[in-house]
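Within every chain, numbering begins at 1; the chains are lettered A, B, ... in the order of the sequence lines, protein sequences first and strands thereafter.
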Amino acid sequence: YAGEVVTIRALCMAGKLGAALWLRKKMIQRGLIPDVLSHNYIVNALCKSGELEKADWLLRDMMEMGISPNSATYNSFIKGYCLVNDVDKALFIFSTMVNSGIRPNIFTLNILVHALCKRGLLEDAKKLFHEILDDNDNGTPDLVTSTILMDGCIKSGNMGEALSVWNGMFRNNDLVAYNVLIHGFCLSRDTKLAFVYLCEMLKRGFLPDIFTFNTLVSGLCKEGKFDEASYLHGIMSSSGVAPD
RNA sequence: GCACCCUGUUUUGCU
């Protein structure tokens, strides 16, 4: 049983969903009922690739076998519907989740904040963010929530707002948060400040990755600073990060 | 009890 579950997980990560579904069917035929977790691997993969009808069928089939979806299952659907721009359906799933007594968790909220930001509904996103802040029952906004919001501000051209989100994080940052901030400075054509924060992250022990380098190289090129860009490109190769 | 499944960042082409 454990072997099959591991295989289902591997197949899903490789994008071989047909095979994963086939293996699941074989297990059921042999009387081995995969648990929620195994189903979540497949449901999540289907939702990520936009195959929501199939995911929905799988959910119903799973429930007919007496297995209840958990928050991860619902989160996959909410994100999936947001991805195909069906926010109404996402909100419907959200209320289904709440009505079946499953509390939205920080993942759920992050998915929703992200969806709002992506649609440019920054004010709604900020509102939701502050509602989470005020309502301890819904979990606490975390580093990821702040990063999503910061990225949303940057993408709608509001670097000042992004900086106040950054300051609200009180140095509770990670590599992704630094990458987002550096991207923001590059977009506002301020590579000087981008480098200030690159240095800061290095001092704090965060190692730049391919995202950091691509952001900076592209930012430098857009400002016409090709020498610095190729200098950075060299550092990138020699520090084990493969340029692409 | 813990763990496993679900959330965030770059690379501008095409309509």
In terms of side-chain geometry, is the basic nitrogen of Arg24(A) or Asp61(A) positioned less than 4.0 Å from the acidic oxygen of its partner?
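Yes, this pair counts.
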Can a donor-acceptor pair be found between the side chains of Thr96(A) and Asn99(A) at a distance below 3.5 Å?
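There is no such pair between these side chains.
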I'd like to know if the side chain of Thr145(A) pairs up with that of Asp142(A) as donor and acceptor (distance under 3.5 Å, no hydrogens or angles considered).
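Short answer, yes.
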Contacts of type salt bridge (Lys or Arg N to Asp or Glu O under 4.0 Å), residue Lys26(A), not counting sequence neighbours:
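Lys26(A): no salt bridge (Lys or Arg N to Asp or Glu O under 4.0 Å) contacts found.
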Enumerate the residue pairs fulfilling ring-ring contact (aromatic ring centres under 6.0 Å, His included) with a member in residues 170-189 of chain A, sequence neighbours excluded, ordered by first and then second residue.
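Residue pairs with at least one partner in residues 170-189 of chain A: Trp166(A)-Tyr178(A), Tyr178(A)-Phe206(A), Phe185(A)-Tyr197(A).
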B/S/- along nucleotides 3-10 of chain B (protein heavy atoms under 4.0 Å) is -BBBBBBB
